[in-house]
Trainee: 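Mind looking over this structure? Questions follow.
Count residues from 1 along the sequence.
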Amino acid sequence: MNQAAALIDEIFQALTQMLRYAVRLIGRMSPPALLGAALVLAFICSILPLAIVLFAFFMLIKIAVGACVIGRRRANRPQEHVE
């Protein structure tokens, strides 16, 4: 149990150190750099997940249409009789 508490404490210290570093970095940024960072962050948080979801949606549609076409072709294929 002591090791788990030490691990959680170490993770907490690392997160707080990372947040302090990020706040200091944002404080030193010029306004154009801050605007650029905000735009990149907005892209990562909104547009990129939307693109991934749309890609997966259209890929599923493509697979479903392909399965229907292949099924129809197999159903319409003349049956070979082996005698």
Trainee: Taking atom OH of Y21 and atom CD1 of I26, what is their separation to the nearest 0.5 Å?
Mentor: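 The distance works out to 11.0 Å.
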Trainee: In this structure, would M18 and I11 fall into the same cluster of hydrophobic residues linked by side-chain contacts under 4.5 Å?
Mentor: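 Yes, M18 connects to I11 through the hydrophobic network.
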Trainee: For the atom pair CD (Q17) and CZ (F12), what is the distance rounded to the nearest 0.5 Å?
Mentor: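 The distance works out to 12.5 Å.
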Trainee: Tell me the closest heavy-atom pair linking S46 and P49, and the distance in Å.
Mentor: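 That would be O-CD, 3.5 Å.
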Trainee: Is there a path from F58 to V69 through hydrophobic residues (I, L, V, M, F, W, Y) whose side chains come within less than 4.5 Å of each other?
Mentor: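 Linked within one cluster.
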Trainee: Identify whether L41 and L25 are in the same connected component of the hydrophobic contact network (ILVMFWY, side-chain heavy atoms under 4.5 Å).
Mentor: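 L41 does not cluster with L25.
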Trainee: To the closest 0.5 Å, what do you measure between CE (M59) and CG (L54)?
Mentor: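 The CE atom of M59 sits 12.5 Å away from the CG atom of L54.
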Trainee: Which distance, rounded to the nearest 0.5 Å, do you find between the SG of C45 and the CG of L50?
Mentor: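 Reported to 0.5 Å precision, the distance equals 13.0 Å.
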Trainee: Is there a path of hydrophobic side-chain contacts, each under 4.5 Å between heavy atoms of I/L/V/M/F/W/Y residues, joining V40 to I47?
Mentor: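 Looking at the clustering, V40 is in the same group as I47.
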Trainee: Hey, quick one: are L7 and L15 part of the same hydrophobic cluster, counting side-chain heavy atoms closer than 4.5 Å, chains of contacts allowed?
Mentor: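 Both belong to a single hydrophobic cluster.
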Trainee: If you measure from CD1 on I70 to CZ on R74, what distance do you get to the nearest 0.5 Å?
Mentor: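 So the CD1 of I70 and the CZ of R74 are separated by 6.5 Å.
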